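Every number for a ligand or one of its atoms is a count from 1 in the order of the listing. Note that the coordinates shown come from a computational prediction; the quantities given were computed from them, not determined experimentally.
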Amino acid sequence: MNRKRIFSGIRPTGEIHLGNYFGALRNWVDLMHQYDCVYGVVDYHAITTPFEAKTMPQMVFNTMAALIAVGLDAEKCMMMVQSDVPEHTELAWILSCLAPLGQMERMTQFKEKSQQDPENINLGLLAYPALMAADILIYRADVVPVGDDQVQHLELTRDLARKFNNAFGDYFPEPQPLLTPTPRIMGLDGKAKMSKTLNNHISLFEESDVLQQKIMTAVTDENRKRRNDPGNPDICNIFSLHNIYSKNDEVQMIDRECRVAGIGCVDCKKILHGHLETSIAPFRDRYKELHEKPDEVRDIAREGAKRCLPIAQETLQEVKSRLGIGKHQFV
Ligand code: SF4
């Protein structure tokens, strides 16, 4: 039986943190058993915001190594680097010509990023969702795993697929969102979502001593000034991590004891550190191993691109033929 196809991408930020893992990668690992999955390290997306050309290759490598280290299996899914399959950008141009400017300008993420960095409002940033649509449609994906912040972009992808189909004949499936519940991982500052930019993150491959130091200095319930003050786990970032990493009875014990000052933050954090260390150690070991054997990562990326290329080429050829371009072989 033909399995439905999924596409999802991750920007090569160079460091994968717990938020990335719980927001996407953990889900990707589950999905590869049920769908025909294509996962991309989307480097063309990464250049829409300021970046360092010098470090880009290492960031791409690290991100690909991270995908493998968390358990993605090249036998069960395709993993590739976006720029190794140039059809993505060619289709993005075609889709850009179908995308209404007004709709692109209304994209929440474009507006946010423009406000955050008014010096860097480039055309690529505006066209970002068209490239995302191309990433999905080039594989004629049926399903796309999305977080809340990506729903609008997927809606645009569906609009563009519909528009193309109406104008040039039915071809693209309208990809369905696969909304998966993901815990909201707060940063160590307890104020904002975990993010590398805000430097409030825990890397998924953190060394044990750094992990311990980050947890022990993390913000907790700020109203709890002394050991004997009762705390409120509901507003404590450490407690939200316990909810993910600790067993139910332990979570209940901390919830109860924190409120009556029966447990101090230091002990509470030590327990969390123990669980987190157990959980991430295998990822860290595998990630290190892949850095010692970089050819394994490169082979997987090369093989992934090799498998993706014929699908992408077939789509692009069909699209161009429907547009009436690229039919005549002058060169
Ligand atoms: Fe947070 Fe634990 Fe301290 Fe309570 S005891 S405030 S849950 S770190």
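Not one N or O on the side chain of Gln176 forms a donor-acceptor pair closer than 3.5 Å with the backbone of Val143.
Salt-bridge check for Lys111 with Glu105: failed, with every basic side-chain N at 4.0 Å or more from each acidic carboxylate O. The residues Asp229 and Arg224 are annotated as not salt-bridged, no charged nitrogen and carboxylate oxygen being separated by less than 4.0 angstrom.
Listed by chain and number, the protein atoms of type N/O/S under 2.8 Å from atom 2 (Fe) of ligand 1 are Cys268 SG; waters are omitted.
At least one cation-pi condition fails for Lys163 and Phe172: the charged atom is not both under 6.0 angstrom from the six-membered ring centre and inside a 45 degree cone around its axis.
In Arg224, the part holding a heavy atom less than 4.0 Å from any atom of ligand 1 is the side chain.
When hydrophobic clusters are built by joining Ile, Leu, Val, Met, Phe, Trp and Tyr residues whose side-chain heavy atoms come closer than 4.5 Å, directly or via intermediates, Tyr44 is not grouped with Ile311.
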Subject >> Intermediate values then yes/no, side chain to side chain contact (heavy atoms under 4.5 Å, CB included), Asp36 and Ile6 >> reply: CA-CA 6 Å; Asp36 176 21; Ile6 274 186; over 6 Å; no
